[in-house]
Amino acid sequence: MQATPHPLPSPTPLAPPRAGEFDARIVSNEPVNAEYRLMTVEVPDGAAEARPGQFFQILCPHSGALQPFFRRPMSIYRIDPAAGQLSFLYKVTGTGTRTMAELEPDATINLFGPLGNGFTLPEDGAPIVLLGRGVGLATMAPLVPFARKAGHAVTAILSARTPELVMSEAEFVDAGANVLAVTDSQGTSAVENVEDMLHGLHAEGRLGALYVCGSNRLMLAAQRVARRLGLFGEAALEQQMACGVGMCFCCVRPFRQGDEIVHRRVCSEGPVFPLLEALEW
Amino acid sequence: MQATPHPLPSPTPLAPPRAGEFDARIVSNEPVNAEYRLMTVEVPDGAAEARPGQFFQILCPHSGALQPFFRRPMSIYRIDPAAGQLSFLYKVTGTGTRTMAELEPDATINLFGPLGNGFTLPEDGAPIVLLGRGVGLATMAPLVPFARKAGHAVTAILSARTPELVMSEAEFVDAGANVLAVTDSQGTSAVENVEDMLHGLHAEGRLGALYVCGSNRLMLAAQRVARRLGLFGEAALEQQMACGVGMCFCCVRPFRQGDEIVHRRVCSEGPVFPLLEALEW
Amino acid sequence: MVDLSVDCGGIRLANPVMPASGTFASELADIIELQRLGAFVTKTVTPGKRQGNPTPRVSEVPGGMLNSIGIPSKGVDAFIDETIPLYADYDVPLVVSISADTPDGFADICRRVSVPGVAAVEVNISCPNIEDDGRAFAMRPETTLAVMRKLRQATDLPLWAKLTPNTGEIPAVAQAAEEGGADALVVANTILAMSVDIRTRRASLGRVMGGLSGPAIKPIILRMAYQCVRAVQIPVIGCGGIMTAADALEYLIVGCRAVQVGTATFVHPGAMLTVIDGLEDYCRQNGIDRIADLTGTLSAEAHDASLEWEAIA
Amino acid sequence: MVDLSVDCGGIRLANPVMPASGTFASELADIIELQRLGAFVTKTVTPGKRQGNPTPRVSEVPGGMLNSIGIPSKGVDAFIDETIPLYADYDVPLVVSISADTPDGFADICRRVSVPGVAAVEVNISCPNIEDDGRAFAMRPETTLAVMRKLRQATDLPLWAKLTPNTGEIPAVAQAAEEGGADALVVANTILAMSVDIRTRRASLGRVMGGLSGPAIKPIILRMAYQCVRAVQIPVIGCGGIMTAADALEYLIVGCRAVQVGTATFVHPGAMLTVIDGLEDYCRQNGIDRIADLTGTLSAEAHDASLEWEAIA
Ligand SMILES: Cc1cc2nc3c(=O)[nH]c(=O)nc-3n(C[C@H](O)[C@H](O)[C@H](O)COP(=O)(O)OP(=O)(O)OC[C@H]3O[C@@H](n4cnc5c(N)ncnc54)[C@H](O)[C@@H]3O)c2cc1C
Ligand SMILES: Cc1cc2nc3c(=O)[nH]c(=O)nc-3n(C[C@H](O)[C@H](O)[C@H](O)COP(=O)(O)OP(=O)(O)OC[C@H]3O[C@@H](n4cnc5c(N)ncnc54)[C@H](O)[C@@H]3O)c2cc1C
Ligand SMILES: Cc1cc2nc3c(=O)[nH]c(=O)nc-3n(C[C@H](O)[C@H](O)[C@H](O)COP(=O)(O)O)c2cc1C
Ligand SMILES: Cc1cc2nc3c(=O)[nH]c(=O)nc-3n(C[C@H](O)[C@H](O)[C@H](O)COP(=O)(O)O)c2cc1C
Ligand code: FES
Ligand code: FES
């Protein structure tokens, strides 16, 4: 249920392929900067048909004292069905991502997916704007080629602490997005500035639908803009997961549904949700 | 306490170096035959002063579903103080030895030792006979060079299922032992035959003290011969261990002490015990 | 061909492997062949609607996980209308897990879920009883007996009593459940536990304490299952830390008739099927024609010592 | 410089880290610097000589170990003559762990070990009481109170009561121990458990059941320690699954005054020293001058919910 009307026809659902558990060969696993790494894996037929916004549950290996028990959810960063390859862009933070980072090419890693519901695109070819920070960029990156292929103009606002940490700029540009980088160090990433930029894009006819991921502040800004302009939008959200497929109810978050606050499971009812229903965290 | 008198002067105690926990670099870790592997490690100063019969508690790595919790006790098979190296000859049987077998050269392995009491030699340079089977050969191998250096003639009776499985024959010969191999397939390993061989060696003046490890049947045979001939002897025994240093009392075995049956800890009161006090298992 | 079927607490299962309540839902149909399971066991349902506990609801610990999901529930009416029909097309017995916070509430929901399509009712008496200061029904034999008697009168369906491992007297509780009319025991639910994030000095669960499940609890629950097997005549279903067929075999060997697999499914969605395959392989390799013959084959010689066993010191 | 010293149950410790009974002996002096420990705790000693249990006495399980060592003991006389003097040269408080199978026997051995050189007596009331059908004293509040009262009259030394995690009512048992005169609680002993070798279909311990210790039990014992901290005024000493300083910190944060390290020493003989070093580092990094200030700093906001907590369902 969309809380406000929007001027675009109902979005096209992208049916996900059947999820499965499999061992994938690691093609490469390289640092991108001091915090992030990019892992590319070879996957069996079908798995590379995954949709932008879907994710995999990754079984991180045990390594010495580091013994991750749960799988780790990771968005698909790059989808290459021709090569039968998928990539994950991940931040090395805790137990699981640290053991993931140790894996060498040709090692295998156990994946479960693709899972969850991906992004939906407006039907009428409206121009779209992606708004992301940090890990959120990984989640939205594959939306660019999909949207371009479906005939949408794409603008991406990439937010980061410093210009050096703006990730994936080339990835977005190569895929055909118009990229605007905003950073804390340059003072351009403030919410007010981003809201102004969004209004500017709208005035230029470049903002027909809005997608956001990776920052609570940006999501709230996007909601304000979408509400004001009556735009269709989606937010991709995170929550800790155990099963990844809707069985355990650990990954719930609160959502606005009409006048009610309801709990929805990020794994199976998301991770992509209608922008205006998401509540801040 | 030695249950029967023996004609040799009291044995020389070999004081062990202080035990410690350390990471050792693996120099090599190669299969010896279908069941056994030989691991050579580089150890810090002092550790290579270990005595024959002593053992290390090896922390086997975790590998996938194999998660050995306890350390694994392994006798020292080869001592090379000049090179600062020690070797272990081990049979790949269960969880821990399987993960040990996966380690590559240059990896590190955590060792704790040397532990326990090693073999003692008679003072008067009497000729000695070693009697071993399977893993027992690993335990007795380093006794050969020590005994030769101390001026003892050494005969080693090596028992195995088939001639191909007689391990370490070269190791024993190179170190200066006279080797007699007995095998099940040739019908020479029967206890009666081994007892006859021992009597023969005694008659030839080659059996002044007797050391046994690795087979209950051989130990009982050695006990009969030693009792009959009034010989000094020692047996190296095994028992499952947790702490390895006498604290937990899990590694007890029964011993004959005068008229009593007492429990002794294999780790700290052994693993080498007076031959005639050991009880069968 | 190995005969994997077992009679278990009033129903016949094609094989002894089923999901543990709260770790299974119809969503799994997209991922594994549900038809191969011995039974379906639903997430516990309560009389009314409930939200469940605050997040974080799970946390990983060495060899397992903590959860304080609570029982988010859409209420029994929605459950009957929406959930039960989801399983109508499968030829697999459906076991419905229920709970309530008073004995009468328990009997009432038991009566209401006794509808066509339901093969047995699993009563989650590990949940708090507000008439006993919030202590779980299955903490004490007296409260277990009382609630089981009411439940027994409320349904003709087979009744499985799911016990809590947090009691200090599980054999007595097991006997009370049997006396009260249980057709089988499920041993057991999660063990109350907690963990702390030392950076923030906060409990890692929103609710502070939660239930420990997974491999870490297997040796404890296996011991309890064994104690229950020796205390009662009705079948015992082992549940706790089963990740592999080897784990399930331990439960069968100590005397369980069937097993439930919970947390393992979160790590390996196909875990239940791997367990079924492994049980079949073991039987074949060990010349066992009927898996039911494996139940209770623990080598007897050491039994006597353990009879007197109470604590290890 | 961080002040690591703590007052704990009637004695002052240079730091809050000590060995758990049964996992320490003077043999460790050859390997680590014993002088650095907060206290020494001896293996439980019984009035008379005992052999202990049949082998196998230990078995490894995921994340821990089972033991059924029993209490091989040379008897209290030999203990006083031979063992106590071994620790005379150290400037570290000696805590003697005792046990007996009747309340009077317990009081008697307590009196006998109250000799110079002993700083405190740890009473292992997790052991079977033959006057209560072999149930451990600490299974129930009543038997705990009774034995603690007798012990209190038997000695002027500080008395530490070591509880069993196998009870279903640990807060009530903790209160009974306090009421009976305990100066501190050790929470807790091992959890009764078992495992089976599926090849031989035999229990992996000679005694079938044994005590589970090691990382697997930490979340359970941490929860119990926290419950005890909230139930009593006397200090609680946390004991269960501590392998690293991070584990010890969890116990201190939930309110323990000190900790005991057991199984970890078997895996890493220097584990206790690593824990001490890690505690000091944590305090330094977090601007904590006295480690005693860390005790009970669990963030309060979630406490209320947990007060009503009984089971997770
Ligand atoms: C749908 C989805 C897609 C994601 N995509 C990406 C991605 O493409 N790249 C990326 O770097 N990160 C992504 N994340 C976040 C990523 O899952 C966490 O960074 C990761 O789980 C941290 O694991 P850890 O072992 O390093 O941290 P630890 O702190 O050791 O993790 C402990 C537990 O908390 C969970 N956890 C910790 N942080 C998060 C988080 N932010 N979200 C959910 N669970 C968390 C872990 O999964 C684990 O269960 C995504 C999260 C979700 C829910
Ligand atoms: C003092 C001593 C010296 C030894 N020296 C050698 C040696 O030089 N070469 C060699 O191949 N083996 C030796 N052994 C035996 C070796 O310790 C075991 O083969 C090894 O522990 C098996 O471990 P696993 O993980 O492969 O087997 P698992 O079956 O997985 O082990 C399970 C548990 O049982 C214990 N265990 C299993 N078999 C034995 C055994 N025979 N003795 C003691 N504990 C056992 C393990 O240590 C572990 O705690 C020695 C044993 C002792 C006590
Ligand atoms: C996330 C989660 C939710 C659970 N929910 C329920 C439940 O609703 N009802 C119930 O009886 N048990 C519930 N349990 C307990 C399991 O059914 C099972 O008893 C326990 O997890 C032990 O088995 P395992 O170690 O195989 O997971 C839940 C367990 C988990 C991990
Ligand atoms: C081998 C072994 C022997 C033990 N012996 C005793 C004992 O004699 N007395 C006692 O009170 N606790 C004994 N315990 C229990 C420990 O003191 C401790 O309570 C328990 O192991 C939990 O701590 P851990 O997980 O750090 O090992 C023993 C534990 C082990 C593993
Ligand atoms: S992770 Fe289990 S329901 Fe979402
Ligand atoms: S292994 Fe602990 S006493 Fe021998």
Side-chain angles (χ1 to χ4, degrees), chain B residues 15-23 56-62 64-73 93-96 99 110-117 237-255 260-269 279 281, chain D residues 19-32 41-44 49-74 195 197 199 204-207 210 212-216 243 262-271 273-274:
Chain B
R18 195 181 157 96
E21 181 187 351
F22 55 87
D23 282 330
F56 276 82
Q57 281 273 74
I58 299 191
L59 194 64
C60 303
H62 287 191
L66 300 178
Q67 311 245 322
F69 185 77
F70 294 135
R71 287 174 179 265
R72 299 315 201 236
T93 46
T95 321
T99 70
N110 186 280
L111 304 181
F112 172 39
L115 301 171
N117 304 302
L237 301 177
E238 292 184 5
Q239 178 61 287
Q240 199 191 6
M241 295 183 179
C243 74
V245 290
M247 302 189 296
C248 74
F249 285 83
C250 80
C251 66
V252 294
R253 290 175 55 114
F255 291 86
E260 265 189 302
I261 305 288
V262 297
H263 276 167
R264 291 191 194 145
R265 291 159 296 175
V266 171
C267 67
S268 57
E269 300 173 70
L279 290 177
W281 65 94
Chain D
S21 176
T23 67
F24 173 79
S26 60
E27 279 87 349
L28 207 57
D30 296 338
I31 296 144
I32 67 166
V41 183
T42 60
K43 168 88 183 161
T44 300
K49 247 183 153 170
R50 291 161 56 126
Q51 281 276 38
N53 286 330
T55 57
R57 289 178 170 188
V58 296
S59 172
E60 62 181 20
V61 293
M65 63 175 281
L66 300 178
N67 91 78
S68 63
I69 307 287
I71 308 190
S73 170
K74 46 187 174 184
S195 72
D197 181 332
R199 279 172 312 129
S204 57
L205 294 178
R207 194 68 192 269
L212 179 63
S213 61
M243 302 297 282
T263 303
T265 300
F266 300 167
V267 181
H268 292 293
L273 304 186
T274 321

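We name chains A, B, ... by the order of the sequence lines, and we start the count at 1 in each one. Everything numeric here is computed off the predicted structure, so don't read it as measured data.
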Exercise for the section: Check each atom of F112(B) against the heavy atoms of chain D and say whether the ones under 4.5 Å are side chain, backbone, both or neither. Expected result: side chain
Handout entry: Results of side-chain contact (heavy atoms from CB on, under 4.5 Å) for P254(B) - residues two or more places apart only
Key = I261(B), H263(B), L279(B)
Exercise for the section: Taking E60(D) for its side chain and F69(B) for its backbone only, find out whether a donor-acceptor pair lies under 3.5 Å. Expected result: yes
Fill in the blank from the handout: Bottom line for V252(B): the part with an atom under 4.5 Å from chain D's heavy atoms is both
Practice task
Look at the side chain of S21(D) and the backbone N and O of T44(D), then say whether any donor-acceptor pair between them is shorter than 3.5 Å.
Solution key: yes
Problem - Residue, of S26(D), G63(D), G64(D), that accumulates the most heavy atom pairs under 4.5 Å with chain B - result: G64(D)
Exercise for the section: Can you tell which part of Q57(B) gets under 4.5 Å to a heavy atom of chain D, answering side chain, backbone, both or neither? Expected result: neither
Problem - Passing option when C251(B) is tested against Q240(B), R264(B), E269(B), Q239(B) for side chain to side chain contact (heavy atoms under 4.5 Å, CB included) - result: Q239(B)
Exercise for the section: State which residues pass ring pair (Phe, Tyr, Trp, His ring centres under 6.0 Å) with F56(B); sequence neighbours excluded, sorted by chain then number. Expected result: F88(B)
Practice task
Select one option (side chain, backbone, both, neither) describing which atoms of T55(D) are under 4.5 Å from chain B's heavy atoms.
Solution key: side chain
Completion exercise
Given P269(D), A25(D), G22(D), the one with more heavy-atom pairs under 4.5 angstrom with chain B than any other is P269(D)
